[in-house]
There are 2 protein chains.
Amino acid sequence: MWKGFVLQQSLVKLINFMKIDHSKKQLEILEKAAALFRDKGYAATSMRELAQAVNLKVSSIYSHFSSKEAILQVICFENAQKFTQNMASIEAQYNNPLQQLEALINLHIEIALEDTTSVTAFNDEWRHLGEARLEEFLSLRKEYEMKFCAIIEAGIAEGTIQDIQPQTIFYTILSSIRWLYDWYKPNKKLEAILIKEQVLRLLLRGIVSE
Amino acid sequence: MWKGFVLQQSLVKLINFMKIDHSKKQLEILEKAAALFRDKGYAATSMRELAQAVNLKVSSIYSHFSSKEAILQVICFENAQKFTQNMASIEAQYNNPLQQLEALINLHIEIALEDTTSVTAFNDEWRHLGEARLEEFLSLRKEYEMKFCAIIEAGIAEGTIQDIQPQTIFYTILSSIRWLYDWYKPNKKLEAILIKEQVLRLLLRGIVSE
DNA sequence: GTCTATACGATGATAGAC
DNA sequence: GTCTATCATCGTATAGAC
């Protein structure tokens with residue numbers, strides 16, 4: 001049995017450039033906004049609620065962000081960058097397609113377990129971006145998808161990955177991890193390790209036991 | 001290699017009781033509402049938009065449904081019932097846990113491929129139910145989860161399913177299918193069959209090839 | 001940067017004529 | 001059942017004092 005995935009856990013370092021370029025108050029607003037967007041959705045979250053959550057009057061928020069959508073933009077694009085940059089570092093680190101894929105799955109699981117709020121908002125609420133920004137966002141997303149699928153494709157050619165449409169594998173991986181955002185409560189560190197190992201095994205080896 | 005899943009495709013019959021109990025106009029409203037809720041989200045969909053979509057004035061909608069939330073309620077609870085009833089019929093049809101699980105996965109894939117709008121709205125927008133109905137809904141969902149996990153548990157005990165926390169398997173299956181709602185365009189019948197076979201194989205046997 | 005005050009369009013929902 | 005008319009409320013956003 002192939003056991004490579006046991007060896008390379010936790011090698012991926014998460015880059016937190018969200019903390020660069022923003023003032024303390026901006027960061028506070030971004031965090032609370034992400035939490036509200038995650039819990040109630042972007043459209044159902046009002047600026048009045050957000051203001052209350054950060055102990056400001058509504059108008060004061062506009063000293064930090066030009067609009068409600070501007071806040072969503074930061075959340076969406078900084079998270080998109082996070083995934084793109086991590087993928088680049090993974091590609092540099094491994095040259096084996098299967099190891100790259102495993103590291104990518106690991107990356108997505110780790111991000112899901114570590115940063116529940118911001119990434120969830122990014123995952124679910126990007127569609128509320130305005131037309132221009134939405135187009136930009138979708139193009140970034142498409143680029144990420146193509147790189148991801150290229151790795152899968154290489155693994156299929158090599159014979160280490162099942163011969164299934166790369167897009168199907170890609171979408172299945174990405175969405176299969178999404179329940180972590182909704183269900184995982186970041187209390188127990190031990191449980192996180194167990195979940196990570198089990199989800200990874202489930203995706204790589206399947207449900208059926210030999 | 002275990003090949004049972006090749007034999008029992010498409011045995012699951014989808015029950016469409018959504019078409020019972022509602023007038024034609026109510027059905028039209030429900031369909032358009034589901035499409036709008038799916039595309040823009042419940043909160044971002046206004047009654048005026050919905051009215052326009054069904055060629056009515058806003059006030060006329062209130063002759064068919066008592067409120068915007070009442071429409072969401074129908075969508076959520078009738079879809080919940082759909083899954084519950086299908087599960088019951090699967091449990092009656094098979095007594096092998098692995099076959100039951102495979103039929104359940106098949107069910108979820110088939111529903112995703114056949115009925116994109118209503119189920120997507122149900123999947124994503126239930127959280128906008130009012131407090132009382134939300135509680136009711138979550139209890140139905142919990143019940144479904146427990147039955148689903150009991151089947152997985154039986155498979156693990158039997159040795160046919162990998163020894164992984166049943167909840168982890170359950171959540172991974174359910175969410176792994178969700179990309180179909182977002183990405184699959186119901187044009188090509190042939191492609192649907194291919195996707196179904198591949199997703200099923202991916203979940204059951206995993207990404208890594210032997 | 002934060003406040004009070006306010007603009008003003010959109011929202012869910014109702015009253016009452018036909 | 002459908003319409004016109006209307007309501008009260010809430011939405012994002014701005015102006016201007018401190």
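Naming: A, B, ... by sequence-line order, numbering from 1 per chain. Side chains included, hydrogens not; waters and symmetry mates left out as well; all remaining heavy atoms used. Note that this is a predicted model, so its numbers are computed, not measured.
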When you measure from the side chain of A:M47, which nucleotide among D:dT12, C:dT2, D:dC3 comes out closest?
D:dT12
Which value, rounded to the nearest 0.5 Å, describes the distance between B:Y42 atom OH and B:I71 atom CD1?
8.0 Å
State whether the distance check finds a donor on one side and an acceptor on the other, under 3.5 Å, for side chain A:S46 versus base D:dT12.
no
When rounded to whole Å, the NZ to C1' distance for the pair B:K57 and D:dG1 reads 15 Å
Calculate, to the nearest 0.5 Å, the distance between atoms OG and CG belonging to A:S176 and A:L203 respectively.
4.0 Å
Of B:V58 and A:E49, whose closest DNA chain D nucleotide lies nearer the 5' terminus?
B:V58
Within less than 4.0 Å of OP1 or OP2 of D:dG11, is there a side-chain N or O belonging to A:R48?
yes
What's the closest nucleotide to the side chain of A:S63 if the choices are C:dG1, D:dT14, C:dA13?
C:dG1
So if I take every side-chain heavy atom of A:H64 and compare against C:dT2, C:dA13, C:dT4, which nucleotide ends up nearest?
C:dT2
Spacing between B:F65 atom CZ and D:dT2 atom C1', to the nearest angstrom:
16 Å
Phosphate oxygens OP1/OP2 of C:dG1: is one of them under 4.0 Å from a side-chain N or O of A:S60?
no
Rounded to whole angstroms, how far apart are CG on B:L50 and P on C:dT11?
12 Å
Selection from C:dG12, D:dA13, C:dT2 that lies nearest to any side-chain heavy atom of A:S67:
D:dA13
Between B:H64 and B:E28, do the side chains contain an N or O donor and an N or O acceptor separated by less than 3.5 Å?
no
Starting at CD1 of A:I195, measure out to CG of A:L113 and round the result to the nearest 0.5 Å.
6.5 Å
Send over the distance from B:L72 CG to C:dA13 C1', rounded to a whole Å.
17 Å
Check the distance between D:dA13's C1' and A:L56's CG and give it to me in whole angstrom.
16 Å
Checking all strands, does B:S23 fall into the base, sugar-phosphate, or nothing category for heavy-atom contacts under 4.0 angstrom?
nothing
N or O in side chain of A:K68 less than 4.0 angstrom from D:dT12 OP1/OP2
yes
Separation of C:dG16 C1' from B:Y62 OH (nearest whole Å)
17 Å
Take the protein atom CG of B:N55 and the nucleotide atom P of D:dG1, then report the distance between them rounded to whole Å.
17 Å
Any N or O donor-acceptor pair under 3.5 Å from the base of C:dT4 to the side chain of A:S59?
yes
Do A:H128 and A:F37 have their ring centres less than 6.0 Å from each other?
no
